[in-house]
Protein chains: 2
Amino acid sequence: MRVPRANSREKILAAAADVAREAGPGSLSLEAVASRAGVSKGGLLYNFPTKAKLMQGLVENYLSDFRKALEARAAEASRESVLSAYIKLSADDCERPKPSASWMFSAIAEDPDFLTPIKAFKHQLFERLKGETEDLGSLLVCFLAIEGMRSMNLFDSDVLSEDERKLLVSSLLKIAG
Amino acid sequence: MRVPRANSREKILAAAADVAREAGPGSLSLEAVASRAGVSKGGLLYNFPTKAKLMQGLVENYLSDFRKALEARAAEASRESVLSAYIKLSADDCERPKPSASWMFSAIAEDPDFLTPIKAFKHQLFERLKGETEDLGSLLVCFLAIEGMRSMNLFDSDVLSEDERKLLVSSLLKIAG
DNA sequence: TTGACAAGACCGTCCAGCCGGTACAGTAAA
DNA sequence: TTTACTGTACCGGCTGGACGGTCTTGTCAA
């Protein structure tokens, strides 16, 4: 694999996420992405031969980032549980008021199957946490509460205040032990 | 050959939800809805002059159903807290393996603002629960865990088994007190 | 020379919204 | 009782436009 002039792939992926977030998931067209990335449509199609490939790229990018971030957190405080790392990571992700993954809605509209890797990852993560936590009930509550937090952030729903979110996180960390 | 004069509005709303669920949120077109509802495109446009009105109808229908169901639950066991009623209602909703609200993704793709009534309702519900619960931390955990459960159902993500969901619900009810 | 794009024309598809019709139902005058 | 009118509910073809994807031609750096 040759080194590109500039790394267009990542620019394009970032642009796609930007477009979905700012113009709405329904406005994620190839032209909009290309324009946003400062790339021609031909250049975009060169990197992602089809829109499906672009969606797939978004999912893979998202997952690899997530994995890296989680692993980094789990490593930096190895005494902590992975569950705690997951809680803190998610709390930080949701700190940012902008939903960074609106592109998921575009992907679902295109084809719901694009999300299967994400579902699989979540399942895998859950299994991993099960092996680590002794009280399944607590794990379930924590895991689902995180899911709820992430979901609210994704939908750009600001039901909770800043303080409430912090209280939630500390409550979850307490439950996680 | 037009057979019965029936309440087309509800038929159309149900058809829209069916189409989104079965053909995917991206396939929610006026023609598909009309065909599914056994109504012509003109007839559909007669009831809902624009696609936006149809989406709005879906949201309003969803909210009024939700309100009724919650009120019914809260009334039938008036000794229970509203939080408990909300937990049980959500558990029952998620029991059905079909994600009954895939149309939400279509609505978001059309315009994210369609969901503001739902967000407002959630906010309102949360405020109501705050007035009822003494421990804010417990409420937060419960509320978000329910949100997570609903979100997983919406995304058709089957991370939890049947037993795990039941355990989760009983754990939540215990936390809710 | 070749890989990595730029630029954009072009085509087939799809879809929302509009519009001119049509089949009733109710009413009310003749 | 008939006829004429009016409004409701619905039909279905049409069109303008957007969008995805392909293809061709050109550019420039390594």
Side-chain angles (χ1 to χ4, degrees), chain A residues 1-20 22-59 102-103 105-114, chain B residues 1-20 22-59 102-103 105-114:
Chain A
M1 189 154 79
R2 294 293 174 111
V3 180
R5 227 184 282 172
N7 198 345
S8 295
R9 257 190 85 93
E10 293 185 6
K11 264 200 323 186
I12 290 171
L13 290 175
D18 288 348
V19 168
E22 289 170 18
S27 306
L28 191 75
S29 69
L30 295 188
E31 271 163 5
V33 172
S35 150
R36 176 74 185 225
V39 161
S40 72
K41 203 174 166 185
L44 170 57
L45 268 301
Y46 180 83
N47 286 277
F48 299 95
T50 164
K51 193 179 189 184
K53 292 283 182 190
L54 176 60
M55 297 301 185
Q56 198 179 323
L58 280 167
V59 170
S102 305
W103 54 264
F105 297 126
S106 318
I108 291 182
E110 187 77 13
D111 183 353
D113 288 341
F114 281 128
Chain B
M1 194 152 81
R2 204 165 52 249
V3 198
R5 298 246 167 183
N7 192 349
S8 293
R9 258 191 84 92
E10 293 185 7
K11 263 199 325 188
I12 290 170
L13 289 175
D18 288 348
V19 168
E22 291 170 17
S27 306
L28 191 75
S29 68
L30 294 189
E31 270 164 2
V33 172
S35 148
R36 176 72 183 228
V39 161
S40 76
K41 208 173 161 191
L44 169 59
L45 267 301
Y46 179 82
N47 287 277
F48 298 95
T50 163
K51 195 180 188 184
K53 293 281 181 189
L54 176 60
M55 297 301 186
Q56 198 179 322
L58 281 167
V59 170
S102 305
W103 55 264
F105 296 127
S106 317
I108 291 181
E110 188 75 13
D111 183 352
D113 288 341
F114 281 127

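All heavy atoms count here, side chains included; hydrogens, waters and symmetry mates do not. Reminder, nothing fancy here: chain letters follow the sequence lines and each chain counts from 1.
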Candidate pair Thr50(A) and Leu45(A), rule side-chain contact (heavy atoms from CB on, under 4.5 Å), full reasoning: CA-CA 6 Å; Thr50(A) 164; Leu45(A) 268 301; 5.7 Å; no
For [N], take OP1 and OP2 only and decide whether either is under 4.0 Å from a side-chain N or O of [X].
X	N	value
Tyr46(B)	dC10(D)	no
Ser40(B)	dC11(D)	yes
Ser8(A)	dC5(C)	yes

CG on Leu30(B) to CZ on Phe48(B), rounded to 0.5 Å: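 That separation rounds to 11.0 Å.
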Spatial distance of atom NZ (Lys51(A)) from atom CG (Asp111(A)) [nearest 0.5 Å]: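 That separation rounds to 12.0 Å.
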pair Leu54(A)-Leu13(A): side-chain heavy atoms closer than 4.5 Å: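 SC-SC contact between Leu54(A) and Leu13(A) confirmed.
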4.5 Å side-chain heavy-atom contact, Leu28(B) and Met55(B):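 With C-beta onward as the side chain, the pair touches.
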Integer-rounded Å distance: [N] [atom2] and [X] [atom1]:
X	N	atom1	atom2	answer
Asn47(B)	dC11(D)	CG	P	10 Å
Leu44(A)	dA7(C)	CG	P	13 Å
Ile12(A)	dA4(C)	CD1	P	13 Å

Residue list, salt bridge (charged side-chain N to carboxylate O under 4.0 Å, His left out) with Glu22(B), at least two apart or on another chain: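 For Glu22(B) the salt bridge (charged side-chain N to carboxylate O under 4.0 Å, His left out) partners, ignoring immediate neighbours, are Arg36(B).
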Distances under 3.5 Å between protein N/O atoms and the N/O atoms of nucleotides 16-21 of chain C, please, pair by pair.
unit_1: dA16(C); atom_1: OP1; unit_2: Lys51(B); atom_2: NZ; d: 3.2
unit_1: dA16(C); atom_1: OP2; unit_2: Leu30(B); atom_2: N; d: 3.1
unit_1: dA16(C); atom_1: N7; unit_2: Lys41(B); atom_2: NZ; d: 2.8
unit_1: dG17(C); atom_1: OP1; unit_2: Thr50(B); atom_2: OG1; d: 3.3
unit_1: dG17(C); atom_1: OP2; unit_2: Thr50(B); atom_2: OG1; d: 3.4
unit_1: dG17(C); atom_1: OP2; unit_2: Lys51(B); atom_2: N; d: 2.9
unit_1: dG17(C); atom_1: O6; unit_2: Lys41(B); atom_2: NZ; d: 2.5

